Amino acid sequence: MLEFQNICVSFPSERQDRIFGKIRQQVLFDVSFNVRKGSCLGILGESGSGKSTLGRVLCGLLKPDRGQVLLDGKPVYGSRAGKRSLQNKLSVVFQDYTTSANPRFRVKDIIGEGLKVRERREGEKPDREKETAALLRMVGLPPEFSDRFPHELSGGQLQRMCIARAVACRPQIILFDEAVSSLDAHTQVQVMDLLRELKEKLDLTYVFITHNLTSVTYLCDDVLFLYQGKVTEHLSVENIGRTADPYAGKLLESIVMFEEAK
Amino acid sequence: MNLGKRFLHNRTAVATALFVLLIALAGVCAPVLAPNDPYATDILNKFADYSLQYPLGTDQLGRCVLSRLIYGIRPTLGLAMVTMFGTIGLGALLGITAGYFRGITEEVIMRLVDVMLSFPSQIMVFAVVALLGVSVQNVIIANVFIKWAWYARMIRTGVMQYRDCNFVRFSRCVGMPERFILFRHLLPSITSDLAVLASLDVGWAIINISTLSFLGLGVQAPTPEWGAMLNEAKEVLTSNPVQMIAPGAAIVTLVCCFNLMGDALRDVLDPKEVEG
């Protein structure tokens with residue numbers, strides 16, 4: 001349902017020869033892939049490989065220099081309607097949960113923002129309080145949390161709340177930008193189990209950006225290796241051991257060695 | 001804890017706010033509170049000591065210092081407030097515009113700010129007042145004119161700090177309207193900075209207006225204004241040094257009070273601040 005076609009992104013370079021130089025540094029080279037409806041695509045890569053830039057292109061915040069993002073066959077960039085339809089169908093969970101929520105909002109306001117998006121789109125007014133409680137329960141938080149401020153929650157709880165907010169706007173696709181990376185191992189598993197459950201229940205499509213191979217194998221159907229802004233490999237998780245790409249192979253090897261060393 | 005409760009829990013905030021309110025109230029009720037007519041001269045009774053009839057003595061023309069002090073609240077505090085709202089309003093408007101819309105708008109506004117900041121501020125005030133003529137309203141215009149650039153720059157920094165925050169990105173991503181992002185996310189985030197700036201600015205404005213009055217460029221002669229009163233006291237520094245204590249102490253107290261209030265408001269407006 002989501003298709004990337006030859007996406008190229010570059011930023012103005014920090015180092016310029018002249019004062020008003022226009023040297024640009026290219027971050028993404030000709031990235032193409034597609035995401036099937038109802039699947040979970042993992043995007044793997046080391047820091048600086050362009051994962052998060054790809055995420056920003058995906059959620060409509062960064063217009064690529066070249067290429068097009070297609071959502072259900074319609075282009076996202078270039079028209080207001082395309083952007084609108086992306087905003088209606090996509091939601092996002094970020095890595096840094098401390099800045100993900102406005103510190104001046106209570107949990108109910110934060111989730112309320114997601115609900116408001118839904119209200120605007122569907123034109124009906126759900127019972128805010130009931131919906132918030134239901135959403136909190138869905139992500140495994142007690143409904144009494146709705147009166148708390150973000151700084152009164154732990155990291156795992158905050159990330160769950162962010163997931164509740166993302167789900168509140170009833171999206172079809174959710175983008176996770178390193179969403180579990182900053183949690184401890186135990187909470188990571190809990191959150192990933194929650195994500196699996198939600199995916200089944202709400203019929204969602206996930207795009208899961210991470211640097212952690214284990215979480216990809218745990219959650220995703222397909223995996224895409226990104227190395228220095230280029231897609232080096234795109235295959236399903238079952239076949240991950242049969243990769244022909246040297247970078248992906250190296251990454252896998254290092255994990256296997258790490259496992260053995262334990 | 002909500003805002004009102006946090007405010008009431010902060011002793012400094014409550015005390016300073018009450019004090020300022022009290023002063024403002026005294027200014028409003030000046031005709032009732034003042035023991036004497038602030039303009040009535042009694043040349044025989046000049047430089048009178050502290051007494052029941054003249055609680056703070058009299059000045060070089062035999063006018064009651066306390067009455068003049070109380071009547072002086074009106075121009076002193078009033079003008080400072082007007083100046084503050086003017087500067088903060090203009091500064092916030094341009095700062096938010098620059099920080100939020102970026103691009104060419106930001107360039108134009110910020111270069112203008114750079115130009116404004118490169119002038120020595122007092123000289124600019126004198127220049128403006130000299131150009132437009134000596135009057136209260138020109139003093140306010142001059143003060144707003146030189147100070148807005150500071151605020152524009154600081155507020156822009158605040159907006160930039162939050163505009164790339166994840167919670168703003170989320171709102172963008174799911175297509176919340178711009179006004180929601182601006183009024184629910186960005187403005188509340190910078191209010192604590194704004195409150196501190198505003199209260200510090202009132203202190204600054206009081207001093208600046210007093211300075212101008214002291215130099216004879218602000219509030220004119222018979223009107224009781226604290227700076228102007230200090231100016232008059234300066235003339236009789238050798239014969240009656242006590243006369244400058246009252247207006248001097250009044251200015252110091254009020255300015256200190258506003259500065260403390262700024263500090264306390266910052267704590268109040270920050271939900272993360274744990275009450276002690």
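FYI, side chains are in, hydrogens and waters are out, and symmetry mates aren't considered; it's all heavy atoms of this structure. Please read all numbers here as calculations on a predicted model, not as lab measurements. The chains referred to below are lettered A, B, ... by the order of the sequence lines, with proteins before strands, and numbering in each begins at 1.
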Are more than 12 heavy atoms, taken from residues, nucleotides or ligands other than B:Gln122, located less than 6.0 Å from that residue's CD atom? yes

Would you name the heavy atoms of A:Pro103 and B:Phe167 that are closest together and state the gap between them? CD-CE2, 3.8 Å

Working note: B:Phe170 + A:Ser91, criterion side-chain contact (heavy atoms from CB on, under 4.5 Å); need CA distance, chi angles, decisive distance, verdict. CA-CA 8 Å; B:Phe170 176 85; A:Ser91 190; 3.7 Å; yes

In terms of heavy-atom pairs under 4.5 Å with chain B, the winner among A:Lys116, A:Arg165, A:Arg84, A:Arg120 is A:Arg165

Determine whether more than 12 heavy atoms belonging to other residues, nucleotides or ligands lie under 6.0 Å from atom CZ of B:Phe85. no

Below 30° counts as parallel, above 60° as perpendicular, anything between as tilted: where do the rings of B:Phe180 and A:Phe105 land? perpendicular

For the candidates B:Ser171, B:Cys165, B:Gly175, which exhibits the highest count of non-hydrogen atom pairs separated by less than 4.5 Å from chain A? B:Gly175

Should we say atom CG of B:Leu131 is surrounded by more than 12 heavy atoms from elsewhere, each under 6.0 Å from it? yes

Closest approach of A:Val117 and B:Met176, non-hydrogen atoms and distance? CG2-SD, 3.3 Å

Under 4.5 Å from a heavy atom of chain B, the part of A:Cys59 involved: both

Atom CZ of residue position B:Arg111 - does it have more than 12 heavy atoms of other residues, nucleotides or ligands inside 6.0 Å? yes

For B:Trp204, does the CH2 atom sit with more than 12 other heavy atoms under 6.0 Å from it, leaving out its own atoms? yes

Portion of A:Arg121 that has a non-hydrogen atom of chain B nearer than 4.5 angstrom: neither

Taking CZ in A:Arg66 as the centre, count heavy atoms belonging to other residues, nucleotides or ligands within less than 6.0 Å. Is the count above 12? no

Stepwise, does the side-chain contact (heavy atoms from CB on, under 4.5 Å) test hold for A:Gln87 with B:Cys173? CA-CA 6 Å; A:Gln87 287 170 344; B:Cys173 227; over 6 Å; no

Tell me if the CZ atom of B:Phe145 is crowded by more than 12 foreign heavy atoms within 6.0 Å. no

Check whether more than 12 heavy atoms from other residues, nucleotides or ligands sit under 6.0 Å from atom CD of A:Glu122, and answer yes or no. yes

Quick one: are A:Asn102 and B:His185 in side-chain contact, heavy atoms under 4.5 Å? yes

Go through A:Ala101, A:Cys169, A:Gly60 and name the one with the most non-hydrogen pairs under 4.5 angstrom from chain B. A:Ala101

Please report the interatomic distance CD(A:Glu113) to CD1(B:Ile181), rounded to the nearest 0.5 Å. 8.0 Å

Side chain, backbone, both or neither of A:Leu61 within contact of chain B (heavy atoms, under 4.5 Å): side chain

Could you tell me which non-hydrogen atom of B:Val174 sits nearest to which non-hydrogen atom of A:Leu90, and how far apart they are? CG1-O, 3.8 Å

